[in-house]
Amino acid sequence: PVVELNVGGEVYTTTVSTLRKVPGSKLAEMFSSSAKACLDAEGRFFIDRPGTYFGPILDYLRSEHLPTQHIPEVYREAQFYEIKPLVKLLEDTPQIFAEQVARKQFLLRVPAYSENLELMVRLARAEAVAARSSKVLVCVVRTEDEAAQCADALRGLEFEKKSVVKFGPWKAAPQVKDLLDCVKMDIAAQGYQVYYEPYSERTLRAKYFNYFYTFLFIWW
């Protein structure tokens with residue numbers, strides 16, 4: 001049978017056999033004989049997901065055609081619909097491989113990475129009252145030796161009542177700049193305008209400059 005679907009406000013027309021093409025997927029379950037349908041006011045099957053990225057999902061089910069645009073978004077939808085063959089194919093694309101296998105696997109080896117991002121945002125927002133920008137001091141150490149070298153500097157900054165967010169050490173190939181770029185990328189992905197630069201206050205000895213950085217949040 002031919003069916004009409006309303007996916008997040010966008011209307012698609014296809015067949016039930018196309019939607020059932022991947023056994024075990026959510027779409028196959030939605031359009032099984034025993035499933036309870038959710039219909040919109042016009043009597044179309046309604047799926048409460050972004051309609052923009054359903055087209056590439058449907059193209060794959062029809063002809064196994066892989067998308068060339070909006071790959072991260074289509075990958076997320078393929079995961080939601082549990083279309084495992086498409087998920088696997090998308091994971092082999094450079095965009096998803098780089099993010100899921102390379103970058104995210106590195107960040108999983110950086111202790112408390114996500115918690116530190118949240119802490120940086122909280123500190124920046126606390127300093128934003130009646131200000132155009134705010135600064136967050138970050139210490140990045142790649143090895144245990146570097147962490148030991150920075151211990152005195154961290155104690156000194158703590159004595160001066162300066163908050164420092166510390167990243168590392170980690171056991172992976174990426175360097176300090178790679179970690180800094182990841183932090184900037186992930187904070188910017190939350191909608192913040194942020195930059196970083198070496199911390200060079202005179203209160204800090206020159207030998208520590210490679211480990212301390214200032215993240216600047218621009219508010220307006």
Does [atom1] in [X] sit with more than 12 non-hydrogen atoms of other residues, nucleotides or ligands closer than 6.0 Å?
{"X": "Gln100", "atom1": "CD", "value": "yes"}
{"X": "Asp48", "atom1": "CG", "value": "no"}
{"X": "Arg125", "atom1": "CZ", "value": "no"}
{"X": "Phe97", "atom1": "CZ", "value": "no"}

pair [X]-[Y]: side-chain heavy atoms closer than 4.5 Å:
{"X": "Val136", "Y": "Val165", "answer": "yes"}
{"X": "Asp186", "Y": "Tyr113", "answer": "yes"}
{"X": "Pro67", "Y": "Leu90", "answer": "yes"}
{"X": "Leu180", "Y": "Phe167", "answer": "no"}
{"X": "Tyr60", "Y": "Pro85", "answer": "yes"}

Could you tell me whether the side chain of [X] and the main chain of [Y] form a donor-acceptor pair under 3.5 Å?
{"X": "Tyr81", "Y": "Phe54", "answer": "no"}
{"X": "Ser134", "Y": "Ala124", "answer": "yes"}
{"X": "Lys21", "Y": "Leu61", "answer": "yes"}
{"X": "Tyr213", "Y": "Asn210", "answer": "yes"}
{"X": "Lys166", "Y": "Gly168", "answer": "yes"}
{"X": "Trp220", "Y": "Ala131", "answer": "yes"}
{"X": "Asp181", "Y": "Asp178", "answer": "no"}
{"X": "Arg142", "Y": "Ala172", "answer": "yes"}

To the closest 0.5 Å, what do you measure between [atom1] ([X]) and [atom2] ([Y])?
{"X": "Trp219", "Y": "Tyr192", "atom1": "CH2", "atom2": "OH", "answer": "5.5 Å"}
{"X": "Leu157", "Y": "Leu137", "atom1": "CG", "atom2": "CG", "answer": "6.0 Å"}
{"X": "Leu39", "Y": "Leu5", "atom1": "CG", "atom2": "CG", "answer": "10.5 Å"}
{"X": "Thr14", "Y": "Phe45", "atom1": "OG1", "atom2": "CZ", "answer": "12.0 Å"}
{"X": "Lys84", "Y": "Glu91", "atom1": "NZ", "atom2": "CD", "answer": "12.0 Å"}
{"X": "Arg122", "Y": "Glu118", "atom1": "CZ", "atom2": "CD", "answer": "6.5 Å"}

Out of curiosity, does [Y] fall in the hydrophobic cluster containing [X] (side-chain heavy atoms, cut-off under 4.5 Å, transitive links)?
{"X": "Ile47", "Y": "Val74", "value": "yes"}
{"X": "Leu179", "Y": "Leu154", "value": "no"}
{"X": "Ile187", "Y": "Tyr199", "value": "no"}
{"X": "Leu108", "Y": "Ile96", "value": "no"}
{"X": "Tyr75", "Y": "Leu58", "value": "yes"}

Discussion item. Does Glu77 form a side chain to side chain contact (heavy atoms under 4.5 Å, CB included) with Leu86? I'd like the steps, not just the answer.
Written reply: CA-CA 10 Å; Glu77 294 306 297; Leu86 178 56; over 6 Å; no
Item to complete: Test Val7 against Tyr12 for side chain to side chain contact (heavy atoms under 4.5 Å, CB included), laying out the working first.
Response: CA-CA 8 Å; Val7 185; Tyr12 293 90; 4.1 Å; yes
What are the two closest heavy atoms between [X] and [Y], and how far apart are they?
{"X": "Ile83", "Y": "Ser25", "value": "CG1-CB, 4.2 Å"}
{"X": "Val141", "Y": "Cys150", "value": "CG1-SG, 3.7 Å"}
{"X": "Thr15", "Y": "Thr18", "value": "OG1-OG1, 2.9 Å"}
{"X": "Glu29", "Y": "Gly24", "value": "OE2-O, 3.8 Å"}

Practice prompt. Kindly determine whether Glu197 and Leu216 satisfy side chain to side chain contact (heavy atoms under 4.5 Å, CB included), including the steps that lead there.
Written response: CA-CA 8 Å; Glu197 60 187 12; Leu216 182 66; 5.8 Å; no
Discussion item. Can you tell me how the ring of Trp170 sits relative to the ring of Phe106, calling it parallel under 30°, perpendicular over 60° and tilted otherwise?
Written reply: perpendicular
Practice prompt. Give the intermediate values and the outcome of side chain to side chain contact (heavy atoms under 4.5 Å, CB included) for residues Arg109 and Lys171.
Written response: CA-CA 7 Å; Arg109 302 184 184 190; Lys171 294 181 180 179; 5.7 Å; no
Practice prompt. Using a strict 4.0 Å threshold on nitrogen-to-oxygen distance, state whether Glu42 and Arg44 make a salt bridge.
Written response: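 No, Glu42 and Arg44 are not salt-bridged.
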